[in-house]
Amino acid sequence: MMTKICLILFFLIVSASSAQQTFIQNVTARDITELNGYWKIIIDPYENGFFNYRYQESPNGYFKNESPKTKSDLIEYDFDSSDSLLVPGDWNTQKESLFFYEGTVWYKKSFNFSPKKDKRIFINIGAANYNSVVYFNGDKVGSHTGGFTPFAFEVTDKIDEDENFAVIKVDNKRVRQGVPTLNTDWWNYGGITRDVYLVETPPTFIRDYFIQLKPYSTNIIEGWIQLDGVDLNKSVTLSIPELNINEIITPANNGLAKFSLKSNPVLWEPNNPYLYDISIRSLSDTVKDMIAFRSIKTNGTDILLNNKPIFLKGISIHEESPITHGRASSIEDALKTLEWVKELGCNFIRLAHYPHNENIIRQAEKMGILVWSEIPVYWTILWDNIETYRNAEHQLMEMISRDKNRANIIIWSVANETPRGEERLAFLTSLIIKAKELDPTRLVSAATELTYEGNVVTLDDPLCDYLDVIGANEYIGWYSRTAEEAQLLEWKSNFNKPLIISEFGGGALYGLHGDKETRWTEEFQENIYINQIAMLKNIPFLKGTTPWILFDFRSPRRPLPKIQDFYNRKGLISTEGNKKKAFYILKNFYEEN
Ligand code: GCB
C-alpha cells in the first residue's frame, strides 16, 4: 500500500510542470482565419531539416523556408517547388508512397494576413499526429506531443504586416515510451489531421469556460470563466436568455470568474437533446456557445441520467472516415457515422481509443447520443516511466479541456486493456485522481480484462476499486471459446458498480457467406452476436455495451490477404458501407430493449 501511495504522489508531483502552449475554448466561435487547404510539404525521414550532421538541432532548418535564389546558393530544399498535402488530412491516404510512412513531414503554408490593431494572434492546430514543432515566420513558437488533441501558440509578436508563413514539422514515428506505445491495433495516420486556424482576440479575452450542472444536482448551474490578458479583474457577464440568466461575475486577480446559479433548465437526454444558447461577455470580448444540462451519477450497479436508470446501447467507433477512408474530421464524416449509429438503435458511442474530433461530439450532442471518450493509454505502455505518465496526463487534460462543456460526454476513460500490476495501478489511479480534479461532473471508467475460472467470469481487477463504471472487453467466440459457450458463463463481480461490456465481437468479410463454424463469414460473426446477446441478458449488473465495432477500420496488424488486407474486419458495416448480418442482430436487441 505504502509503495502505491508513494508512486501516486510521485506521479502527481511531477505532473505539475507547465508547458508554453495555450488552449482556447470553442475556437470556431472566435474571430478565425482558416489555414486549411493545400500546404507545401517536404518528406524528411532522416530529419535532415531539423538536425545538422552532428545530430544537433539546427538553427537553419527547413523552418526558415529558404530556397536557392542565385546560381551559387547551396540550399538543398525548396518548399514552393515541392509537393503538397491537404490539411486537415492524414498523409497516408493522400499519397500512395506515404501509405506506410512513419517519420517526419514538414508542412509549410504562406498566406497574406493583416492583423487588426491591438489584437492578439494565436495559431491553433486541432490535432497533428504525433510530435509537432511549430514555427512562425522562421521562429520556433513551440512543440506538442500527442496526436488527438488541440494546441495553440501565441504569435502576436511574430506576425508580419502582410506576408506570413507557418511551418509545422509533424513526426508520427512510434516510440516505446509514447502514448500510445509501439503496438496498437489501428493505423498510425500521420499529418495535420484537424483544422488549423489563426485566432484573433482582444488583448484581454475569454480564453476558457466550464458551464454545467453542479454534480448530483439538477437545479444549480455552476462553473467558471477564465480571462487571459491584462484586465483580469474586470467583470464578465454570463447570459442564458431562455433561463433569464444574466449574471455579472467579478473575477479574482488571476482572471478566474466562478459562479453558481439556481435555475431549472430543461434536462438534456437522448429523447430530448435540449441545448441552450449562451453568451459570455467581457469588457472587450464575446463568445457564444450552445450548452446542455444533465446530471449523471451511479447508484449501486445503476447508471442514472437525470436521476433515472439508463441502459447504454452503444457501439465502438474508430476515427476513420466513411467517406475518404482516412482519418475523419469533417461534419460530413460525423453525420454519416452517426446516421448509422442511430439506425442501429444506439443511444451511446464509445469513441475509441483516443479523443476524436470535436465535430462528431457536437453532432452527437445535437442528436441525443451519449459519449464515452478515452485517451490512448492502450495495452502495454511504460508504466514506470515518468515522461510517459506526464504525456498521458497531458493528453487527458487536453481532452477534458476541449470537451468539458459537452453534456453528452458522460464517461472519461483512462485506459484500454492494460495488464494488472502495481505500477500500472499507481499510474492509472493517478490519472483517475487527475480526471476527477479537472472535472468532478463526470464518471470515470477504463476498459479492463476479465478473469475466467471454468465457467465463472469474475470482475476482479483491483483498478475497478477506483472506477465509477467498470468497462470490460471480452471476445468469447473469437479469441477464446466457442460462441455458444458464452451462454454457459456465470458472471460475478467483486464490486457494487455498473458494468459496460466495452468490447465484444468477431471478424467477417462483407459478402463472404458460409456456415456459422467458418471464420470470416458473416454467419460466423452473426452467431457470435446471437450468443453474446443471450449472455448479456443474464448479467444483472450490466448497464451498457459498446460492441467492437461500427465499421471495418485499417490496421497494420491485419495482413491476411483477400480477407483482411490490412483492415480489422470486426465492423458491423464494411468500408463500402454495406451492413453485415450481425448489424441486424444488434439492431434488434437494441430496439427491443
Ligand atoms: C481489443 C482492442 C481493440 C482491438 C480489438 C481486436 O481488445 O481493445 O483495440 O482492435 O481487441 O479486434 O482485437
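Just so you know, ligand 1 is whichever comes first in the structure, and atom 1 is the first atom listed for that ligand. Since we're looking at a predicted model, the values are computed, not measured. Quick note: residue numbers are just sequence positions, from 1.
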Peer 1: Taking NZ, NE, NH1 and NH2 as the nitrogens, is one of them in Glu47 or Lys169 under 4.0 Å from a carboxylate oxygen of the other?
Peer 2: yes
Peer 1: Assess whether a salt bridge exists between Arg362 and Glu365, defined as any Lys/Arg side-chain N lying under 4.0 Å from an Asp/Glu carboxylate O.
Peer 2: no
Peer 1: Are the side chain of Lys570 and the backbone of Gly505 linked by a donor-acceptor contact shorter than 3.5 Å?
Peer 2: no
Peer 1: Can you tell me which residue pairs pass the ring pair (Phe, Tyr, Trp, His ring centres under 6.0 Å) test with a partner in residues 538-566, sequence neighbours excluded?
Peer 2: Phe100-Phe566, His318-Trp548, His318-Phe553, Trp340-Phe551, His353-Trp548, Trp548-Phe553
Peer 1: Show the protein residues that qualify under the rule heavy atom under 4.0 Å from an atom of ligand 1, listing them in chain and number order.
Peer 2: Asp185, His353, Tyr378, Asn416, Glu417, Asn473, Tyr475, Tyr479, Glu503, Trp548, Phe553, Arg558, Asn568, Lys570
Peer 1: Between Arg519 and Trp478, is NZ or CZ placed under 6.0 angstrom from the six-membered ring centre and within 45° of the ring axis?
Peer 2: yes
Peer 1: Parallel, tilted or perpendicular: which fits the ring planes of Tyr354 and His356, with parallel below 30° and perpendicular above 60°?
Peer 2: parallel
